[in-house]
Amino acid sequence: MTAAKDTPADYRATLNLPDTPFPMRGDLPKREPGWIKAWEEQGTYQRLREARRGAPKFVLHDGPPYANGQIHIGHAANKILKDMIVKARQLEGLDAAYIPGWDCHGLPIENQIEKTHGRGLPRDEVQAKSRAYAGEQIDAQRADFKRLGVLGEWDRPYRTMDFKNEAGEIRVLKRLFERGFVYRGLKPVYWCFDCGSSLAEFEIEYQDKKSPAVDVAFLSAEPVRLAAAFGLSSLDKDAFTVIWTTTPWTIPANQALNLNPELSYALVDTPRGLYVVAEALVEKSLARWKLEGSVLATTLGKNLAGLEFKHPLAHVDAGYNRTSPVYLADYATAEDGTGVVHSAPAYGLDDFQSCISHGMAFKDILNPVTGNGTYEASLPLFGGQHIWKANAVIAQTLEDAGRLLSHVQITHSYPHCWRHKTPVIYRAAAQWFVRMDEGEGLFATDPAAKTLRQTALEAIDATSFYPENGRARLRDMIAGRPDWCISRQRSWGVPLPIFLHKDSGLAHPKTLEFIERAAQLVEVGGVEAWAKLDPAEWLGEEAAQYSKGSDILDVWFDSGSTFQHVLKGSHVGAAHDSGPEADLYLEGHDQHRGWFHSSLLIGCALYGRAPYKGLLTHGFVVDGQGRKMSKSVGNVVAPQTVSEKMGAEIIRLWCASTDYSGDLGLDDKILARVVDAYRRIRNTLRFLLANVSDFDAKTDALPLDQLLEVDRFALARAAQLQADILAHYQRYEFHPVVAKLQVYCSEDLGAFYLDVLKDRLYTTAPKSLARRSAQTALWHITQAMLRWMAPFLSFTAEEAWAIFDGGHGGESIFVETYWPFAAPDEALLAKWGRVREIREAVNKAIEDVRSAGGVGASLQAEVALGVEAQDLALLQSLGEDLKFVFITSAASLSAAEALSVTVTPSAHQKCERCWHYREDVGANPAHPTLCGRCDSNLHGSGETRTVA
C-alpha cells in the first residue's frame with residue numbers, strides 16, 4: 001500500500017487508447033505521387049480488369065479532349081467525374097473499364113504548327129509535324145490526368161490519329177455513302193476566315209456583334225409593270241423598293257429580291273421618290289429614313305413576282321449594270337426592316353435555296369468573297385478589300401450614289417467561330433454533306449429506310465438524360481439543323497479519299513472501291529499515305545482526267561465516330577458484346593451541339609440508333625462569383641497548382657461535392673471549405689482505424705445478433721445510409737453522397753455513436769464482449785465507409801485500406817465490392833431515432849447548466865428525466881446503460897406528461913481512469929482513485945454492458 005501511495009499508478013496506460021499509423025495530416029501533395037507510382041508498378045488497373053472478368057459490363061466512352069495545351073480545371077473536373085462513375089460501377093461489381101482518348105487532328109494543332117514553323121509548309125510536312133506535336137501534348141496531358149488519381153488504360157489509350165482509327169473513320173465514311181447519306185453540292189456553309197475553312201453547325205456559337213444596318217434603294221427597271229401591279233396607270237416619280245440589311249458587304253453580290261406572297265406591300269410617296277415596302281412597316285421605315293410620306297396604293301406580294309429592279313450601283317459602275325428579279329419567299333416577313341429581303345445567294349442559306357428554286361444555275365451564282373475574307377481583285381469598286389472594312393466603304397458608295405436611305409450601328413446576336421471567337425459568314429462552296437432529310441445520296445447501295453433526322457429524333461427519345469433538360473436541348477438542335485457539312489479545307493486530318501472529274505466535278509464511278517483501298521492504305525501508313533499517293537497508281541491513264549481530293553473530314557466526324565473504332569475495334573474487350581454502344585457519354589453541356597451531336601448522327605447513320613444509352617452533362621467551372629475563369633481577370637485556378645499545394649484529393653472532393661448539373665464554382669474560399677470537409681472525414685476515418693487496430697475479424701468478430709443494441713443500431717444506420725448512397729451512385733449523383741457522408745461523420749458517428757462508444761472502447765477489458773461488440777460494428781462500418789468514399793477520395797481510401805486489417809491480401813480497395821449489409825431493422829432505427837432526439841434535449845439542458853457554471857464536462861452531471869409513458873418504456877429498456885448514452889455519471893427516469901430534464905452536479909468523486917463520478921470510487925483501498933467498474937475491468941471479471 002505504501003508503494004502505491006509513493007508511486008501513483010499510471011492508469012492512462014491501462015486504457016485501450018486508439019492507435020494507428022494512419023496519420024492525422026494527409027500530407028497529400030507529397031504522398032499522392034507515391035500511390036500513383038504504386039498503382040502503376042502493381043498494375044492496379046489490369047488487376048481490376050482481371051477481378052471483373054466475366055462480370056456484366058459498364059461502358060463509359062471517353063469524349064476525347066483535344067491534344068493541344070496544358071489541361072485546365074474544366075478538363076480535371078470532367079476526368080474526375082468519369083473516374084468517380086467508373087470506380088463506383090466497379091465497386092458495384094461490374095466490369096467498368098476506362099479507355100481514355102484524345103482528339104488529335106484539326107485546326108488548333110495545324111495553327112500551332114504554322115505559328116512555330118510558318119505558313120506555306122508542304123502538306124506532308126504539316127502532317128508530320130502535327131502528328132509529332134499531338135503526341136507530345138498527349139504525353140503531358142496524360143501525366144496531369146494520372147496525377148488526379150484517375151485510373152485507366154493509360155498505356156494504351158485511343159487516339160484519333162492512330163492509323164487504325166484513321167482507317168476506321170474512312171470506313172465509316174464509306175458506310176455513310178452506302179446508306180445514302182452523303183452527297184456533294186454547292187451550298188452556303190459557315191465559313192471562318194481564321195480557320196480558312198468551312199465549319200459545322202456545332203462549331204458555331206452566338207455572341208453580340210456591332211454591325212452597320214443600312215436601308216438601300218433598288219430602282220425599278222419596269223415602272224409601267226410596277227404601276228399596273230398597284231392598280232395605277234402610271235408613276236410620276238422614280239420608284240424603288242427598299243431592303244434593310246446588317247451585311248452591306250453582301251450588296252455587291254446581290255442577285256434577287258424576296259417578297260412574301262401573302263404580305264401586303266405599299267407604294268409610298270415621298271419627296272425623294274416612290275418606295276415599295278411592307279404596309280405594316282411603312283411608319284417605322286419613314287421614321288428611320290427621316291422622310292414624310294403617304295401610301296398611294298397597296299397590293300399583295302404575289303402580284304409583284306418577277307418584277308425587275310436595278311442593282312443600286314448599276315449607274316455607278318458597268319460591272320453592276322444588272323437587274324434583280326423579285327422572287328417570292330415565306331422568309332420575307334414584316335417583323336423588321338422593310339419586308340423586302342435582298343438576296344445574295346452565295347452568302348445566305350435561305351437566299352441560296354430561293355434563287356436555286358427559281359431556276360438560277362450554280363454557275364451563275366456570284367461569289368466574290370475569298371476564303372480569307374477579302375473580295376476577289378476583279379470585283380468592281382471594292383476588289384481586294386476585306387469585307388468587314390468594306391462595309392463602311394460600301395455604305396459611303398451607296399450614299400454617294402443616292403441609294404442609301406439610312407445607316408446606323410446596331411448590336412445583335414451573330415454567329416462566331418467556336419475556336420477563334422471571331423464572326424463568321426455564310427459562304428457558298430462545293431462541299432461534302434451528310435443529308436438530314438430525303439434526297440439522293442451518292443453510291444447508295446444499302447439505303448436507309450428513314451431519314452437521318454427521323455432516326456436521330458427517335459434515338460433521342462430512347463436515351464436517358466442526366467439532367468433531363470438535356471433531352472429538349474438536343475432534340476431542338478436536331479430538329480432544326482441543316483445538312484452536316486463534313487469537309488474541311490485543311491491539311492491535318494482524315495482525308496475524303498475521292499477522285500473528282502476535272503470537267504464534270506463528279507466522283508469516280510469506283511469511289512466506294514477506292515475508299516476501301518484508301519482505308520487499307522491509311523491503316524498501314526496513316527493519313528500521310530493518302531497525301532503521298534500518286535493518282536496514276538490507282539487510276540492509270542484516267543489519272544489525267546481526275547483530281548485527287550485534298551479535303552479532310554470535319555474533326556467532329558473524327559470524334560463522333562470513335563465509338564466504332566474503339567468499342568468495336570481497338571478496345572472491343574471493354575465494350576458490350578452487343579456492339580459499339582456505351583452506357584454513358586459524359587461531357588460539358590456545350591457538347592449537345594458537339595460530340596453528343598456528331599456521335600448521334602453517325603450512330604444513327606450506321607446502326608439506326610444512338611451509340612449511347614445515356615447522356616450526362618456538367619456545367620463549366622467558374623469562380624466563386626459565377627464569372628468565367630480568365631487570365632486577365634486573375635481568377636484562374638489551375639489543377640496543377642492545387643495538386644502541388646493541397647493535393648489532387650482536394651480537387652476530387654471539390655468536384656464530388658459540387659452539383660455539376662450547373663456551373664461549378666471554385667476559388668480559394670471554396671477550396672478552404674473543401675479542405676475543412678476533408679479533415680473532418682479523415683479524422684473520422686482515423687478514429688475508426690485506430691480503434692480496430694488490435695481487432696482481427698477472423699478471431700475477434702462477434703455474430704451480429706450478439707452485438708449490443710446500440711452497435712446493432714449503428715450497423716442498421718450504416719446500411720440505411722449505404723442504400724441512399726448507392727441509389728445516388730446509380731443516378732450519377734455525387735454531391736448528395738458527400739453531403740450525407742459529412743453529416744454521417746459529424747452527426748451519426750462523431751456527435752453520437754463514437755461519442756457514446758469511447759468509454760466502452762477505452763475502459764472495458766481489451767477482449768471483453770462489450771469492447772469486441774463495439775469493434776465488430778466499427779469494423780463493418782469501416783469496411784463500408786472506405787468503399788463509399790473510394791470513388792471520390794481515392795487516394796485516402798487506398799491509403800486507409802492498406803492499413804485496415806480487412807484480410808484483403810494487398811489488393812486495391814477498387815477490387816472490392818460494396819459491403820453486404822443486412823436489410824436495416826426499421827424498428828431499431830425508429831427506436832434509436834427517438835433516443836437521439838431525447839439525448840439532444842439532455843445535451844441542451846446540460847449545456848445550459850454548464851454555461852451557468854453549474855457543471856464542467858457532461859460526466860460531472862447527473863440527469864433526472866421526466867418522460868411520457870411511451871418514452872419511459874423506451875428509455876427503461878436501456879437499463880443501467882442509459883447514463884452511457886447520455887454520457888453522464890447517472891441517469892434516472894420518472895413518468896411525466898411531457899419531457900423534462902433536471903441536471904445536477906454529481907456529489908461523488910471522479911474516477912481517475914474513466915472520469916465518471918461514482919459513489920464507489922475508492923471502494924478498493926488498493927486502488928483508491930478507481931471506481932468499481934474500472935477496478936473490475938482491470939482486476940476482476942469486468943463490467944457487464946447490455947445496450948451501450
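Keep in mind the model is a prediction, meaning the values are calculated, not measured.
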Measuring only between side-chain heavy atoms, which start at C-beta, is [X] closer than 4.5 Å to [Y]?
X      : Y      : value
Glu587 : Thr617 : no
Leu173 : Phe177 : yes
Leu296 : Val268 : no
Phe382 : Val393 : yes
Gln207 : Ser413 : no
Asp551 : Leu496 : yes
Leu506 : Leu500 : no
Gln489 : Ser198 : yes

Please name the pair of heavy atoms, one in [X] and one in [Y], separated by the smallest distance, quoted to 0.1 Å.
X      : Y      : answer
Gly337 : Leu281 : O-CD1, 3.5 Å
Ser343 : Pro345 : O-CD, 3.5 Å
Phe218 : Ser324 : CE2-OG, 4.1 Å
Tyr426 : Gly348 : CB-N, 4.0 Å
Gly306 : Glu222 : O-OE1, 4.0 Å
Trp244 : Thr338 : N-OG1, 4.0 Å

Between the side chains of [X] and [Y], is a donor N or O closer than 3.5 angstrom to an acceptor N or O?
X      : Y      : value
Lys628 : Ser630 : no
Thr298 : Glu279 : no
His416 : Thr422 : no
Thr463 : Arg471 : no
Thr247 : Thr250 : yes

Please check this pair: side chain of [X] against backbone of [Y], looking for a donor-acceptor N/O pair closer than 3.5 Å.
X      : Y      : value
Glu110 : Trp492 : yes
Arg322 : Asn254 : yes
Ser561 : Asp558 : yes
Tyr265 : Asn260 : yes
Arg435 : Glu440 : yes
Tyr546 : Ala507 : no
Ser547 : His501 : no
Trp191 : Gly196 : no
Arg488 : Leu107 : no
Asp663 : Phe620 : yes

Check for me whether the distance between the ring centres of [X] and [Y] falls short of 6.0 Å.
X      : Y      : value
His386 : Tyr375 : no
Trp484 : Trp432 : no
Phe240 : Tyr275 : yes

Check this for me: [X], atom [atom1], are more than 12 non-hydrogen atoms of other residues, nucleotides or ligands nearer than 6.0 Å?
X      : atom1 : result
Lys502 : NZ    : yes
Lys548 : NZ    : yes
Glu292 : CD    : no

Item to complete: Would you please test Ile243 and Val341 for side-chain contact (heavy atoms from CB on, under 4.5 Å) and show each step?
Response: CA-CA 6 Å; Ile243 63 94; Val341 177; over 6 Å; no
Discussion item. Between Gln431 and Ser487, is the side-chain hydrogen bond (donor to acceptor under 3.5 Å, both in side chains) condition met? List the steps.
Written reply: CA-CA 6 Å; Gln431 303 283 355; Ser487 51; 2.4 Å; yes
Find the distance between [atom1] ([X]) and [atom2] ([Y]) and round it off to the nearest 0.5 Å.
X      : Y      : atom1 : atom2 : value
Ser354 : Gln255 : OG    : CD    : 11.5 Å
Ser197 : Arg427 : OG    : CZ    : 10.0 Å
Ser234 : Asp236 : OG    : CG    : 7.0 Å
Leu259 : Thr241 : CG    : OG1   : 6.0 Å
Trp249 : Ile387 : CH2   : CD1   : 4.5 Å
Lys284 : Asp336 : NZ    : CG    : 8.0 Å

When you check the gap from the basic side-chain N to the acidic O, do [X] and [Y] get nearer than 4.0 Å?
X      : Y      : result
Glu205 : Lys421 : yes
Arg475 : Asp461 : yes
Arg225 : Glu308 : no

Identify every side-chain donor-acceptor pair in residues 327-335 under 3.5 Å, counting partners at least two apart or on other chains, and give the distances.
residue	atom	partner	partner atom	Å
Tyr331	OH	Asn258	ND2	2.8
Tyr331	OH	Asp351	OD1	2.6
Thr333	OG1	Glu335	N	3.4

Worksheet item: Quick one: salt bridge (charged side-chain N to carboxylate O under 4.0 Å, His left out) partners of Arg184, sequence neighbours excluded?
Response: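 Here no residue qualifies.
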Worksheet item: Who are the salt bridge (charged side-chain N to carboxylate O under 4.0 Å, His left out) partners of Asp269, not counting sequence neighbours?
Response: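 Listed in chain order: Lys237.
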Item to complete: Output, in order, the C-alpha distance, side-chain angles, deciding distance and verdict of side-chain contact (heavy atoms from CB on, under 4.5 Å) for Val242 and Val276.
Response: CA-CA 6 Å; Val242 185; Val276 176; over 6 Å; no
Practice prompt. Assess whether side-chain contact (heavy atoms from CB on, under 4.5 Å) is satisfied between Ile552 and His105, documenting all intermediate values.
Written response: CA-CA 10 Å; Ile552 62 169; His105 298 124; over 6 Å; no
Item to complete: Begin from the C-alpha positions of Leu232 and Leu267 and carry the test side-chain contact (heavy atoms from CB on, under 4.5 Å) through to its verdict.
Response: CA-CA 10 Å; Leu232 303 174; Leu267 184 64; 3.7 Å; yes
Fill in: Phe352 six-ring face occupied by Lys187 cation (under 6.0 Å, within 45°)
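Judged by the rule (NZ or CZ under 6.0 Å from the ring centre, within 45° of its axis), Lys187 is not positioned above Phe352.
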